[in-house]
Amino acid sequence: MDRSARATRPARPPGGVVEQEAIRAARLLDAQAKAGELFAEIQARGLLAAGVREISASNAIRDLAAEMFGVDRYWHKRIVRAGPNTLQPYQENPPDRVIAADDIMFCDFGPIFEAWEADFGRTYVLGDDPDKLRLRDTLPVVFDAGRRFYESRPDITGEQLFAHMVDLAQEAGWTFGGTIAGHLVG
């Protein structure tokens with residue numbers, strides 16, 4: 001971990017391990033809630049719209065996070081991808097694209113709220129394509145099912161979680177296209 005990341009960690013709170021874990025969990029949940037507010041405001045302000053370039057949308061969201069919460073740092077690169085760019089893996093940097101009127105798109109940000117990361121993403125759909133809308137609406141259902149599966153098995157392996165996520169996607173009528181099934185934050 002780089003020095004800047006270590007420097008952002010708050011001082012250890014007084015008390016035992018249980019108290020420290022409760023404080024850590026509360027701060028992570030607070031960061032998650034703020035990220036939820038940010039993503040709701042992205043939609044409310046129409047920052048993802050036809051004719052807007054992906055980089056322009058990313059910069060507008062960066063500015064909104066600064067305005068709303070004073071966010072000035074991110075744990076990882078900010079991603080706004082639309083249309084065919086959504087099929088690119090995280091590590092790729094596809095050419096900046098103009099968002100089209102019927103695009104599906106996703107945003108993936110790791111904003112740092114008061115030294116606590118919220119690695120958060122959302123899928124958005126412009127237009128009324130039923131397949132794109134169904135995919136958007138299926139994602140949180142599959143994610144929640146995967147989380148329940150993970151939490152119910154304390155000894156689960158990454159391979160088992162990945163296989164389960166692939167199965168969940170197939171059961172929902174989709175082909176799982178990711179190279180990983182997610183990662184832990186915190």
Side-chain angles (χ1 to χ4, degrees), residues 4-5 8 10 24-147 169 172 174 177-178 180-186:
S4 63
T8 65
R24 185 185 78 82
R27 289 184 176 159
L28 285 170
L29 289 171
D30 180 60
Q32 178 179 300
K34 287 176 179 170
E37 289 177 47
L38 173 62
F39 276 77
E41 193 64 19
I42 290 167
Q43 191 160 9
R45 293 193 188 192
L47 298 182
L48 302 171
V52 175
R53 298 195 78 77
E54 292 167 326
I55 191 68
S56 298
S58 176
N59 290 341
I61 294 166
R62 175 203 59 209
D63 295 346
L64 177 61
E67 172 192 322
M68 289 178 69
F69 301 106
V71 170
D72 61 0
R73 293 181 336 142
Y74 292 80
W75 192 254
H76 60 73
K77 67 182 178 181
R78 296 180 323 273
I79 296 176
V80 173
R81 292 198 182 147
N85 285 352
T86 64
L87 301 175
Q88 297 296 314
Y90 169 83
Q91 65 272 14
E92 294 299 320
N93 295 303
D96 186 30
R97 185 171 180 281
V98 175
I99 299 169
D102 65 344
D103 268 341
I104 188 166
M105 68 200 83
F106 75 87
C107 299
D108 180 6
F109 297 99
I112 298 175
F113 298 98
E114 301 167 12
W116 295 91
E117 177 198 2
D119 192 356
F120 212 85
R122 281 282 187 268
T123 299
Y124 299 89
V125 173
L126 297 182
D128 57 3
D129 182 294
D131 290 330
K132 292 173 185 174
L133 292 167
R134 187 172 76 81
L135 176 59
R136 180 202 60 199
D137 296 344
T138 300
L139 289 169
V141 173
V142 169
F143 180 86
D144 289 342
R147 181 193 319 234
W174 301 104
I180 64 171
H183 63 91
L184 298 177
V185 177

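The residues of the chain are indexed from 1 along the displayed sequence.
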Handout entry: With Q88 via side-chain hydrogen bond (donor to acceptor under 3.5 Å, both in side chains) - residues at least two apart
Key = none

Problem - Note: R45-E67 ion pair, threshold 4.0 Å (strictly below) - result: yes

Handout entry: Results of salt bridge (Lys or Arg N to Asp or Glu O under 4.0 Å) for K132 - residues two or more places apart only
Key = none

If you look only at distance, which donor and acceptor atoms sit under 3.5 Å apart when one is on a side chain in residues 134-141 and the other is two or more places apart or in another chain?
from : atom 1 : to   : atom 2 : distance (Å)
R134 : NH1    : A172 : O      : 2.9
T138 : OG1    : R134 : O      : 2.7

Problem - Contacts of type ring-ring contact (aromatic ring centres under 6.0 Å, His included), residue Y74, not counting sequence neighbours - result: none

Handout entry: Partner set under salt bridge (Lys or Arg N to Asp or Glu O under 4.0 Å) for E37, not counting sequence neighbours
Key = none

Problem - Qualifying side chain to side chain donor-acceptor pair (under 3.5 Å) pairs, either residue in residues 56-66, two or more places apart - result: S58-R78, N59-R62, N59-R78

Completion exercise
Residues passing the side chain to side chain contact (heavy atoms under 4.5 Å, CB included) test with A100, sequence neighbours excluded, are R97, D102, D103

Completion exercise
F106 meets the ring-ring contact (aromatic ring centres under 6.0 Å, His included) criterion, sequence neighbours left out, with none

Practice task
Give every residue pair that meets the ring pair (Phe, Tyr, Trp, His ring centres under 6.0 Å) criterion with at least one member in residues 83-103, sequence neighbours excluded.
Solution key: H76-Y90

Fill in the blank from the handout: Residues passing the salt bridge (Lys or Arg N to Asp or Glu O under 4.0 Å) test with D96, sequence neighbours excluded, are R53

Handout entry: For F39, all residues meeting ring-ring contact (aromatic ring centres under 6.0 Å, His included), sequence neighbours excluded
Key = F109, F120

Practice task
Tell me, please, which residues at least two apart from A40 pass side chain to side chain contact (heavy atoms under 4.5 Å, CB included).
Solution key: none

